[in-house]
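Structure, as structure tokens:
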Number of protein chains: 2
Amino acid sequence: MDRGPTMIDVAEAASVSLKTVSRYVNGATNINPELAERIREAVQTLGYRRNLAAASIRPGWTSRMLGLIIGDLGNPYYSTLARGVEREVHARGYILTTASSDEDATRNDELVDRMLEQRVDGLIIVPPYTGGRSWADLPPPLPPRVLVDRPAPEGGGYTVLADNAAGAARAVELLVQEGATRIAFVGDSELISTMAERRQGYESALQAAGIAADPALVDHGVHTDEQAEQAVERLLADQGADAVFAANNRASIGALRAFRARGERVPLIGFDDFESAELTSPATTVVSHDIARMGAIAAQTLLTLIDGDEPAALTTVLPVALRRRGSERAAR
Amino acid sequence: MDRGPTMIDVAEAASVSLKTVSRYVNGATNINPELAERIREAVQTLGYRRNLAAASIRPGWTSRMLGLIIGDLGNPYYSTLARGVEREVHARGYILTTASSDEDATRNDELVDRMLEQRVDGLIIVPPYTGGRSWADLPPPLPPRVLVDRPAPEGGGYTVLADNAAGAARAVELLVQEGATRIAFVGDSELISTMAERRQGYESALQAAGIAADPALVDHGVHTDEQAEQAVERLLADQGADAVFAANNRASIGALRAFRARGERVPLIGFDDFESAELTSPATTVVSHDIARMGAIAAQTLLTLIDGDEPAALTTVLPVALRRRGSERAAR
DNA sequence: TTGTACGCGTTATCAT
DNA sequence: ATGATAACGCGTACAA
């Protein structure tokens, strides 16, 4: 099998030593222009291509590869996050290997192992919901790591988060202000820290409004659009909910489906924006944050660590904004 | 800097030769159980981790890394595609380095170079709209490559596509059937082959229906939601369009926005499904194909090539389905 | 079955 | 400024 021309071939073709070629390829300045020209020519005619894998095994050298592990690349939320990371790291000459953990701790651990074996220079991870190995249990040496969207189950580490509790509280506050008293909470498992925080924001806003929280109005078992639709249908029919706080975009979409199927809607506010929130009737009000920016900040934090510098903060909490579009009001 | 324990360290700790450790790590069977146990122990206590980068430079060994270059990871269309690819290659033990070209040929070429230098075992590429370097101009050795979603500008190579012309024709056919005679075409640049094909399907369906194509009803200058909104507004107001064929999901969303702003809609069919097509009123009819499957097939084709086998087809064309939801009918 | 010695493509040391 | 040579971590002839 042809492995392509190497530096040695280039050196021979240019009648120059190996080291000089290495210098040339790495952009060293102190090279005789005449030799440089010979090398350039040899590189051109031979079609020489650097072997970064070989270079990276040298002491002091790195792969200039970063790893990103998220829940599901197919989910627009995560792909937007990935895009934010990508922009930042590409600008610095890194390439990104991306992988989906499917929120499975074992899968996540396997991916981490694989990327460590591949000798990535750093890792950005959205920790899976629960379980899995603690970072501290891994044998050194370990590259820098930054957590995004959720803190690590075991805590600790550089982390970039959204202000989930405040966002949820803000949403519930507005629903109360619009006259709702029985506000349903529809979301994913409480084991996910973002969900726990949103739930907490929901509770505290109710408390602040002097409304007793009714556990029957809360559904934490929603993983898909379909489950969300059923949950909302049930909460409307059986629990007399007079407003819905949808704790993620799947829940929002499920709620909208339930409204449509029922031919009747109640005030709704969702967490996280979604592509066509403005196209629904009425347009859907959401609390949301800049996901791409969250990714970019995580990337910046990681690159700072790789440079050996100290990031500004151990935990960065991003603000959440209310995008008021109409769905928070009662029908008609 | 600590580079971590190597095979040599493990061999010493287990009082065994380097080669035996190598055998153990690579899962060879013919190993003295006693030595294997000693090695296992040493690996454990030392926290040994394989260095895949070092292994990959050996002759006959590969990086077990694949490269994926798409237009924009942030676009749900491409992230779904990426997810499809990911599923397939992970199952085979490969990791995926993903990158966005932003449809820029130069950027695309840079990314290709970078991945070749990183010695990926194969490449899956959504070719940028136009220009750039021909694959044939690259010096060998080159890993296998598969094109997805669009053929290479220079033609050739293994390619996986959707049946764009048929899909577009199907959509226009239905709009005609519903009574439309002045159907607007709203899409991105004709330089993109998918767009050219959809345009062609649009034309041929009109012709088949005996309707003269009016170039004034065609807008190929739409790259964003906003531009699509403006284009549709203009086509409705100035050109008397009585239906809209939106040639991609950005165009669909722009059309829906325009309808909303105008307070008046006309029959609409879009190309490519989008997250909340079912939530609009009426629900949006689209022609679409299984994007994740397209990615999976591209991945399978690539893996077949990597195995040294011959893929079943040089070009695979995936069927497009009509999802009828209501928006193809006239208002009220 | 196990070990020795070498090569993979690159960069760094050190002498020239 | 340039070149000979030694690593880097690993897998494989080939010998034992």
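Because only heavy atoms are used, hydrogens play no part in the values below, and waters and symmetry mates are left out as well, while side chains stay in. In what follows, chains are A, B, ... by sequence order, proteins preceding strands, each numbered from 1.
Residue A/K19 places its side chain closer to C/dT11 than to any other of C/dG9, C/dT11, D/dG9. Across C/dG9, D/dT2, C/dT11, the shortest atom-to-atom separation from the side chain of A/I31 is found for D/dT2. Set against C/dT11, C/dT2, C/dG9, the side chain of A/R3 has C/dG9 as its closest nucleotide.
In summary, B/D102 and A/R83 engage in a salt bridge, as defined by a charged side-chain N under 4.0 Å from a carboxylate O. Salt-bridge annotation for B/D121 and B/R92: absent, with no side-chain N of the basic residue lying under 4.0 Å from a carboxylate O of the acidic one. A salt bridge links A/R150 with A/E103: the distance from a Lys NZ or Arg NE/NH1/NH2 to an Asp or Glu carboxylate oxygen falls below 4.0 Å.
In terms of phosphate contacts, B/S22 brings a side-chain nitrogen or oxygen within less than 4.0 Å of OP1 or OP2 of D/dG11. In this model, the phosphate group of D/dC8 is not approached by any side-chain N or O of B/N51 to a distance below 4.0 Å at OP1 or OP2. Phosphate contact (OP1/OP2 of C/dC8, side-chain N/O of A/T6, threshold under 4.0 Å): absent. In terms of phosphate contacts, A/S17 brings a side-chain nitrogen or oxygen within less than 4.0 Å of OP1 or OP2 of D/dG3.
Looking at heavy-atom distances under 4.0 Å, B/L18 makes contact with a base. Counting any heavy atom pair closer than 4.0 Å across all strands shown, A/R50 reaches sugar-phosphate atoms only and no base atom. Using a 4.0 Å heavy-atom distance criterion, B/Y24 is classed as making no nucleic acid contact. Across all strands, B/V16 comes closer than 4.0 Å only to sugar-phosphate atoms, never to a base (heavy-atom distances).
Comparing A/S15 and B/L52 along DNA chain D, the residue whose closest nucleotide (by nearest heavy atom) sits nearer the 5' end is A/S15.
A donor-acceptor contact under 3.5 Å links the side chain of A/R58 to the base of D/dA7.
Side-chain N/O atoms of B/S100 and A/E86 include a donor and acceptor closer than 3.5 Å.
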